[in-house]
Participant: 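The structure under discussion is supplied below as structure tokens; questions concerning it will follow.
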Amino acid sequence: MDKTYDPHAIETRHYQRWEKQGYFKPQGEGAPYSIMIPPPNVTGSLHMGHGFNNAIMDALIRFHRMQGQPSLWQAGTDHAGIATQMVVERQLQAKGQNRKELGRDEFLKRVWEWKEESGNTITGQLRRLGSSLDWSRERFTMDPGFSKAVEEVFIRLYDEGLIYRGNRLVNWDCKLLTAISDLEVNSEEELGSFWYFRYPLCNGATTQEGLGYITIATTRPETLLGDTAVAVNPDDERFKHLIGQQVELPLCNRMIPIIADTYVDPAFGTGCVKITPAHDFNDYEVGQRHKLPLINILTKEGSINDNAPLAYQGMDRFECRKQLVRDMDTAGLLEKIEPHKLKVPRGDRSGVVTEPFLTNQWYVAIKTLAEPAIKAVEDGKIQFVPKNWENTYYSWMRDIQDWCISRQLWWGHRIPAWYDAEGKIYVAASEAEARSKYKLSADLQLTQDEDVLDTWFSSALWTFGTLGWPEQTQELKRFHPTDVLVTGFDIIFFWVARMIMMTLKFTGEIPFKTVYIHGLIRDGEGQKMSKSKGNVLDPIDLIDGIDLETLVQKRTSGMMQPQLAQKVEKATRKQFPTGIPAHGTDALRYTYYSLASLGRDINFDMGRMDGYRNFCNKIWNAARYVFMNTEEQMVTKPTDTNHYSRADLWIQARFQHALAKVNDSMAQYRFDLVSQAVYDFFWNEYCDWYLELSKPVLWDKSATAEQLNATRYTLLSVLEQSLRLAHPLMPFITEEIWLVAAPQLGITGDTIMLQPYPTPDETAINAEVEKEIEWMKSIILALRNIRGELNISPAKAIPAWFSKGSAQDKAQLASNQQFLTKLAKLESVTWLDDPASAPAAAMQLAGDMEIRVPLAGFVDIKAEQARLAKEIEKLQTDITKLQGQLGNDRFVANAPPAVVAKERERLASNQAALVQLEAQMKKLG
RNA sequence: GGGUGAAUAGCUCAGCUGGUAGAGCGUCGCCCUUACAAGGCGAAUGUCGGGGGUUCGAGCCCCUCUUCACCCA
């Protein structure tokens, strides 16, 4: 093995080999285990969220694969309708072209080309993460088979009346020129205005105050052009007498009625509300109730159309807003303007303000599908981890609205519907099928619907569509339902809920048994990572490292708001003065796991990643130490357990505890606890103690061949087991070392990833040995404390005197002498029957036993006095506290006897210790 | 307005059914001790957001307030 750990050198090599050998394919018999990857955008690139998400899935799949289960991790990508189309349109724009010019077929050709060109980026990046996805079965939401499933679902839902075409208000994106679903609209609070406009009353009507007008307040003045009524609350005494009267709609030369509707909140604004049924969801409802006309005043692009007065036609909606306010002001009808905070709806892709817009769209009647989906979770067939997300799911599902699934895009699954000249609808897989299905004459002219389906419509079929449905394939039988879905909370509605509904509907099965919901990956300060904040970390950069200039370049190029570039550059240079060093995939993954506690967002901490890179280095060097001591030797499993040292038995026992903790935490999806358990065991027990304890044995000239072999075997076999224990978390380093370790133990196999996961071994648990080694550690710790506090050089061997201990202490002292001598660097070990005879010394206690290091020639007495004083003070406060507690009768009466006894014991031992230390203090004084 | 989550060491986070507060990073000493200076050894560091309550005992349970984040209307 190389002397230094170089992650880059080993990672790509192993991954290629694994993939080439087909190790990622499900193999073996037994209970299958499966996970479907949340398909990333095919033309996208990997961000920290993907990194985290896939790290979790890879750990699960590797864990179960090693348990011997045929495990499928389905690979695939999503065509991501809007996102991808936008990218290609932007490319065209850069060349001065647009998609309309190109035409549909040519445009789609360009998108496919772009997909071919960039589609490998993200799959390549997933490979860099070590993701053991079955690439041989990779799917794409627009590949022919999957498209077949989409078609089938659409047709069946239509035939059942669960998909219908409706003319109603939708959220319209004026930039992308498509309808989008409620979920794709984000409403953020923004600072706007409340404009108060006067609408003159007709026919001489007046308000209670005798005014000839009423005042309405609006946040969207331009919609005035489409007003068809003014509404008041029927119980509002101020306006009761005006109901049924007319007002003149300013600037439009139209009369509109004053109507009564309980939708109006008398306490809000002026109590009079303008009603624009064609451009507001609430007004639409009011309009329906009162049979008001709908006047659409906007074009698809969001400018004013010919239904408005000539003066405004062709104006952009925001331009119109300004002009209209000016005109109202000129007309003396602008009463006042107030600043107002309001929620502004924006398209999540385009970022522009969406408009409620009256169009014909396709909808899924979702309520019927929702009911069984709710029940599946209620009945516990599907479980969310953590459980509280179930409430989020319920609250949305119980109030679910019909789903608008048509998009006015070109990139996506084209809707399998044809129209004749009269607009009659024929739904079938192809025009030919439509003709035969509906028995249409051959000369009837049919045209296909221009629209495509919402991307999420196809994603909803992911778990079964990838397995070959509608064919009843072997894979479908074997791997469906899947075991767990790993995803972020942000797509519970978009994806998780819809998958549950569609899968139940079409397979009669749940899509997955468990939904593991994780939080968002934020930066170290808890800020969302975003290009405009300039705090985005690229997982690949964390793996490979990146120099400062390249990082700055990357973060400041292509910004939406270039004026922020300077700020971003400054912050980047401050945070990473020397760039980001390479950490390797295993360290990155380990960081993800360590932060993966449930139910909260993850603040990605670079410091932790450094720590786990160091951990990898530690593993590497520990392995080197083991191999140095085993490579030239024949190591065999000892035939007699008596050949093992106490330390050998101890580490074997400790491994069992670590394994139990790992299995337990794994079952609860607590990857943070898994990583902690592995880290603690390997570093704090195996490296810090066991490797050191192996040295006195291996270096002991008088050790027998059997003893040497037993310790070498333990070094190797615990290392080998630890590698298997850690492999699901850190696939690369464990593979690299395992390939060296395994042959020495006579284990055959080309890869650790197909080896069995360690299984619990009751016989290795050994409470007696664990207690003894704990005892020994406490003595070493006491001696090291003296050494450290008194500044005795680590190079200096010191004599140690022991006294006042039990017979067992004395015996264990003798049997562990070689360990103590090495780890505490002792020059000699002496048992004093009469401690009073001891000369001035530093003293520590281990239980009752006194441990002394003579002061002469080592340190000044003052340092030892200070150290003692500190110890004594600590004991005294502890004793006072305990005395208070034990002096409380109610504590003694009510607390469990075991607790009381424990506290009594503590008090007694603290008191005894205090006496001993005070005596020592006096002696030094 | 409704809902969820969070507040623990300088920073990022653990803390299981209530029983002497932990880790990593950072900090301060001492060490290149033949696996590892990306290391070893030792040390310091917290009225567990505030206030009440229940209990023999509260970081944990109950009430209340404050701040932050997110979701929904």
Side-chain angles (χ1 to χ4, degrees), chain A residues 1 3-5 182-183 186-187 343 386 388-389 391-392 395-396 399 489-490 492-493 519-520 522-528 581 583-584 587 590-591 594-629 661 664-665 668 670 672-673 675-676 679-680 683-684 687-688 691-692 694-695 699 715 780-781 783-797 822-825 867 870 877-878 881-882 885-896 898-900 902-903 906-907 910:
Chain A
M1 269 173 60
K3 196 160 177 188
T4 49
Y5 164 59
D182 300 344
L183 287 175
N186 294 321
S187 291
K343 292 274 188 166
N388 45 305
W389 288 109
N391 293 325
T392 308
S395 65
W396 188 68
D399 188 31
F489 63 85
D490 48 333
I492 292 180
F493 306 146
L520 210 66
R522 298 166 175 280
D523 74 4
E525 272 94 48
Q527 296 286 315
K528 232 181 202 167
H583 287 83
Y590 219 82
T591 313
S594 74
L595 294 171
S597 51
L598 293 170
R600 62 186 292 170
D601 283 350
I602 289 127
N603 295 351
F604 192 84
D605 183 29
M606 297 291 292
R608 303 245 339 210
M609 189 169 52
D610 292 342
Y612 296 120
R613 193 250 338 253
N614 296 353
F615 181 47
C616 291
N617 190 246
K618 191 72 179 177
I619 296 173
W620 186 262
N621 282 297
R624 283 182 53 229
Y625 166 79
V626 173
F627 296 149
M628 279 170 59
N629 287 289
K661 180 78 186 156
D664 196 48
S665 304
Q668 297 173 63
R670 288 298 304 272
D672 57 328
L673 301 181
S675 72
Q676 184 78 37
Y679 185 100
D680 276 347
W683 197 319
N684 300 332
C687 289
D688 284 352
L691 294 193
E692 294 306 318
S694 74
K695 289 172 187 175
W699 299 353
L715 277 170
I780 292 167
L781 253 19
L783 285 159
R784 283 176 179 172
N785 176 268
I786 291 175
R787 194 188 274 279
E789 291 277 291
L790 305 190
N791 270 334
I792 302 171
S793 157
K796 175 101 184 153
K822 167 72 178 70
L823 271 69
K825 186 123 180 151
R867 196 188 63 81
K870 202 164 70 180
T877 50
D878 223 31
K881 214 168 122 192
L882 283 166
Q885 195 175 14
L886 286 161
N888 182 350
D889 293 340
R890 291 189 304 169
F891 169 71
V892 179
N894 291 314
V899 173
V900 179
K902 203 173 123 198
E903 301 293 284
R906 260 181 61 208
L907 179 62
N910 281 349

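Naming: A, B, ... by sequence-line order, numbering from 1 per chain.
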Participant: To the nearest Å, how far apart are A:Y5 OH and B:A37 P?
Facilitator: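 For the pair A:Y5 OH and B:A37 P, the rounded distance is 16 Å.
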Participant: Which nucleotide in the set B:C36, B:C13, B:A14 lies at the smallest distance from any side-chain heavy atom of A:K3?
Facilitator: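 For the A:K3 side chain, the nearest candidate turns out to be B:C36.
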Participant: For the side chain of A:A895, starting at C-beta, report the closest nucleotide among B:A35, B:C56, B:U12.
Facilitator: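 Side chain of A:A895 sits closest to B:C56.
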Participant: What nucleic acid atoms does A:D610 come within less than 4.0 Å of, heavy atoms only: base, sugar-phosphate, or nothing?
Facilitator: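 Counting heavy atoms under 4.0 Å across all strands, no contact is made by A:D610.
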Participant: Counting any heavy atom closer than 4.0 Å, what does A:C687 reach on the DNA or RNA strands: base, sugar-phosphate only, or nothing?
Facilitator: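 Base contact.
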Participant: Name the residue closer to the 5' end of RNA chain B, choosing between A:R670 and A:D878 according to the nucleotide with the nearest heavy atom.
Facilitator: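 The residue whose closest nucleotide sits nearer the 5' end is A:R670.
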Participant: So, does A:W396 get its side chain near the phosphate of B:A73, meaning an N or O under 4.0 Å from OP1 or OP2?
Facilitator: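 No, because none of the side-chain N or O atoms of A:W396 sits under 4.0 Å from OP1 or OP2 of B:A73.
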Participant: Pairing check on B:C70: which nucleotide meets the Watson-Crick or G-U wobble criteria with it, both distances under 3.5 Å?
Facilitator: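 Pairing partner: B:G3.
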Participant: Whole-Å distance between B:G15 P and A:D664 CG?
Facilitator: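 Distance, rounded to whole Å: 13 Å.
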Participant: Starting the side chain at C-beta, find the nucleotide from B:A35, B:G40, B:U12 nearest to A:A622.
Facilitator: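 Of all the options, the side chain of A:A622 is nearest to B:A35.
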Participant: Classify the angle between the aromatic ring planes of A:Y590 and A:Y612 as parallel (below 30°), tilted (30 to 60°) or perpendicular (above 60°).
Facilitator: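 Taking A:Y612 first and then A:Y590, their aromatic rings sit tilted (interplane angle of 30° to 60°).
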Participant: Counting side-chain heavy atoms from C-beta on, which of B:A38, B:C30, B:G42 comes nearest to A:N791?
Facilitator: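 Out of B:A38, B:C30, B:G42, the nucleotide with an atom closest to A:N791's side chain is B:C30.
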Participant: Does B:G40 have its OP1 or OP2 closer than 4.0 Å to a side-chain nitrogen or oxygen of A:K618?
Facilitator: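 Looking at the OP1 and OP2 atoms of B:G40, one of them is under 4.0 Å from a side-chain N or O of A:K618.
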Participant: Taking the side chain from A:R613 and the backbone from A:P581, do they hold a donor-acceptor pair closer than 3.5 Å?
Facilitator: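 Judged by distance alone, no pair lies under 3.5 Å.
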Participant: Less than 4.5 Å apart, any side-chain heavy atom of A:F493 and any of A:T392?
Facilitator: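 Result yes, sub-4.5 Å side-chain heavy-atom pair found.
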Participant: Can you tell me the pairing partner of B:G22 across any strand shown, Watson-Crick or G-U wobble, with both distances under 3.5 angstrom?
Facilitator: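 Partner of B:G22: B:C13.
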Participant: Of the candidate nucleotides B:U34, B:G19, B:C72, which contains the atom at the shortest distance from the side chain of A:W699?
Facilitator: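 Of all the options, the side chain of A:W699 is nearest to B:U34.
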Participant: Under 4.0 angstrom, heavy atoms only, what part of the nucleic acid is A:K825 near: base, sugar-phosphate, or nothing?
Facilitator: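 Nothing, no heavy atom under 4.0 Å.
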Participant: So what does A:D889 touch, heavy atoms closer than 4.0 Å: a base, only the sugar-phosphate, or nothing?
Facilitator: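 No contact at all - A:D889 keeps every heavy atom at 4.0 Å or more from the nucleic acid.
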Participant: Carefully, step by step, assess A:D610 and A:N614 under the rule side-chain hydrogen bond (donor to acceptor under 3.5 Å, both in side chains).
Facilitator: CA-CA 6 Å; A:D610 292 342; A:N614 296 353; over 6 Å; no
Participant: B:C70 P sits how many Å from A:N186 CG, rounded?
Facilitator: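 Result: 12 Å.
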Participant: Among residues at least two apart in sequence or on other chains, which ones pass side-chain contact (heavy atoms from CB on, under 4.5 Å) with A:S793?
Facilitator: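 Result, side-chain contact (heavy atoms from CB on, under 4.5 Å) vs A:S793: A:A795, A:K796.
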Participant: Can you name the nearest heavy-atom pair linking A:L691 to A:L715, along with the distance?
Facilitator: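 Taking A:L691 first and A:L715 second, the nearest heavy atoms are CD2-CD2, 3.3 Å.
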Participant: Round to the nearest Å and state the distance from A:R890 atom CZ to B:U54 atom P.
Facilitator: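 Those two atoms, CZ and P, are 11 Å apart.
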Participant: Scan A:E692 against the nucleic acid and name what it touches under 4.0 Å (heavy atoms): base, sugar-phosphate only, or nothing.
Facilitator: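 The residue A:E692 makes base contact.
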Participant: Between A:D878 and A:R906, does at least one N-O distance fall below 4.0 Å, as a salt bridge requires?
Facilitator: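 Yes, A:D878 and A:R906 are salt-bridged.
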Participant: With P as the reference atom in both, quote the distance from B:G26 to B:U55 in angstrom, rounded to an integer.
Facilitator: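 Their P atoms lie roughly 47 Å apart.
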Participant: Please determine if a side-chain N or O atom of A:R784 lies less than 4.0 Å away from the OP1 or OP2 oxygen of B:G29.
Facilitator: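 For A:R784, the contact criterion (side-chain N or O under 4.0 Å from OP1 or OP2 of B:G29) is not met.
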Participant: For the pair made of CZ in A:R624 and P in B:A38, what is the distance, rounded to whole Å?
Facilitator: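 To the nearest whole Å, that distance equals 14 Å.
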Participant: Against the six-membered ring of A:Y625, is A:K695 placed for a cation-pi contact (under 6.0 Å from the centre, within 45° of the normal)?
Facilitator: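 Judged by the rule, A:K695 and A:Y625 form a cation-pi pair.
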Participant: Over how many whole Å does the gap from A:Q885 atom CD to B:U20 atom P extend?
Facilitator: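 One finds 9 Å between P of B:U20 and CD of A:Q885, rounded.
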Participant: Heavy atoms under 4.0 Å, any strand shown: does A:R613 hit a base, just sugar-phosphate, or nothing?
Facilitator: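 Answer is base: heavy atoms of A:R613 come under 4.0 Å of a base.
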Participant: Which nucleotide, B:C41, B:G42, B:G24, lies nearest any side-chain atom of A:N785?
Facilitator: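 The nucleotide sitting nearest to the side chain is B:G42.
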Participant: Once you measure the plane-to-plane angle for A:W683 and A:F615, does it fall in the parallel (<30°), tilted (30-60°) or perpendicular (>60°) bin?
Facilitator: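 Parallel.
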Participant: Check whether any side-chain N or O of A:R867 sits under 3.5 Å from a backbone N or O of A:N785 as a donor-acceptor pair, and report yes or no.
Facilitator: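 Checked: no pair found.
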Participant: Please pick, from B:G42, B:A23, B:G40, the nucleotide with the shortest atom-to-atom distance to any side-chain atom of A:L781.
Facilitator: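 Among the listed nucleotides, the one closest to the side chain of A:L781 is B:G42.
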Participant: Consider the side chain of A:K881, meaning its heavy atoms from C-beta on, and name the nucleotide among B:G29, B:G24, B:U20 that approaches it most closely.
Facilitator: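 Comparing B:G29, B:G24, B:U20 against the side chain of A:K881, the answer is B:U20.
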Participant: At under 4.0 Å between heavy atoms, what does A:F615 touch on the DNA or RNA strands: base, sugar-phosphate, or nothing?
Facilitator: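 Touches nothing.
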Participant: Do the non-hydrogen side-chain atoms of A:V899 and A:F891 ever get within less than 4.5 Å of each other?
Facilitator: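 Sidechains of A:F891 and A:V899: in contact.
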Participant: Just checking A:R867: base, sugar-phosphate only, or nothing, at a heavy-atom cut-off of under 4.0 Å?
Facilitator: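 No contact at all - A:R867 keeps every heavy atom at 4.0 Å or more from the nucleic acid.
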Participant: With a 4.0 Å cut-off on heavy atoms, is A:R787 in touch with a base, just the backbone sugar-phosphate, or nothing at all?
Facilitator: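 No contact.
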Participant: Side-chain N or O of A:N621 less than 4.0 angstrom from OP1 or OP2 on B:G39?
Facilitator: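 No, A:N621 has no side-chain N/O under 4.0 Å of OP1/OP2 on B:G39.
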Participant: Base, sugar-phosphate or nothing for A:A795? Non-hydrogen atoms, less than 4.0 Å.
Facilitator: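 Contact class for A:A795: none.
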Participant: Of the options B:A14, B:G19, B:G40, whose atoms approach the side-chain atoms of A:K902 most closely?
Facilitator: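 Of B:A14, B:G19, B:G40, B:G19 is nearest to the side chain of A:K902.
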Participant: Between A:D605 (CG) and B:C13 (C1'), how many Å, whole number?
Facilitator: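 It is 8 Å, rounded to the nearest whole Å.
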Participant: Look at all strands and tell whether A:L520 reaches a base, only sugar-phosphate, or nothing, counting heavy atoms closer than 4.0 Å.
Facilitator: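 No contact at all - A:L520 keeps every heavy atom at 4.0 Å or more from the nucleic acid.
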Participant: How many whole angstroms separate atom NZ of A:K870 from atom P of B:G42?
Facilitator: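 Computing the A:K870:NZ to B:G42:P distance gives 13 Å.
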Participant: Which nucleotide wins on minimum distance to the side chain of A:R522, given the candidates B:C70, B:C56, B:G29?
Facilitator: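 Closest of the options to the side chain of A:R522: B:C70.
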Participant: Is there a Watson-Crick or G-U wobble partner for B:G49 with both distances under 3.5 Å, and which nucleotide is it?
Facilitator: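 Here B:G49 is engaged in a pair, and the nucleotide opposite it is B:C65.
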Participant: Which part of the nucleic acid, if any, lies within reach of A:P581 when heavy atoms closer than 4.0 Å are counted: base, sugar-phosphate only, or nothing?
Facilitator: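 Nothing, no nucleic acid heavy atom in range.
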Participant: Give A:L882 one of three labels, base, sugar-phosphate or nothing, depending on what nucleic acid heavy atoms sit under 4.0 Å from its own.
Facilitator: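 A:L882: no heavy atom of the nucleic acid under 4.0 Å.
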Participant: Using a cut-off of 4.0 Å on non-hydrogen atoms, how would the nucleic acid contact of A:K822 be classed: base, sugar-phosphate, or nothing?
Facilitator: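 The answer is nothing, as A:K822 stays clear of every strand by at least 4.0 Å.
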Participant: In the structure shown, which nucleotide is the Watson-Crick or G-U wobble counterpart of B:C41, with both distances under 3.5 Å?
Facilitator: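 Paired with B:C41, as far as the under-3.5 Å criterion goes, is B:G29.
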Participant: Can you check nucleotides 3-9 of chain B for protein contacts, nitrogen or oxygen pairs under 3.5 Å, and list what you find?
Facilitator:
from	atom 1	to	atom 2	distance (Å)
B:G5	O2'	A:G599	O	3.3

Participant: A:N614 side chain N/O closer than 4.0 Å to the phosphate oxygens (OP1, OP2) of B:A38?
Facilitator: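 For B:A38, neither OP1 nor OP2 has a side-chain N or O of A:N614 closer than 4.0 Å.
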Participant: Assign each of A:K528 and A:S597 to its nearest nucleotide of RNA chain B by heavy atoms, then name whichever residue's nucleotide is nearer the 5' end.
Facilitator: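 On the 5' side of the pair lies A:S597.
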Participant: Is the backbone of A:L520 close enough, under 3.5 Å, to the side chain of A:D601 for a donor and an acceptor to pair up by distance?
Facilitator: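 Yes; at least one donor-acceptor contact below 3.5 Å.
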Participant: With both distances under 3.5 angstrom, what nucleotide forms a Watson-Crick or G-U wobble pair with B:C36?
Facilitator: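 In the structure as shown, B:C36 has no Watson-Crick or wobble partner.
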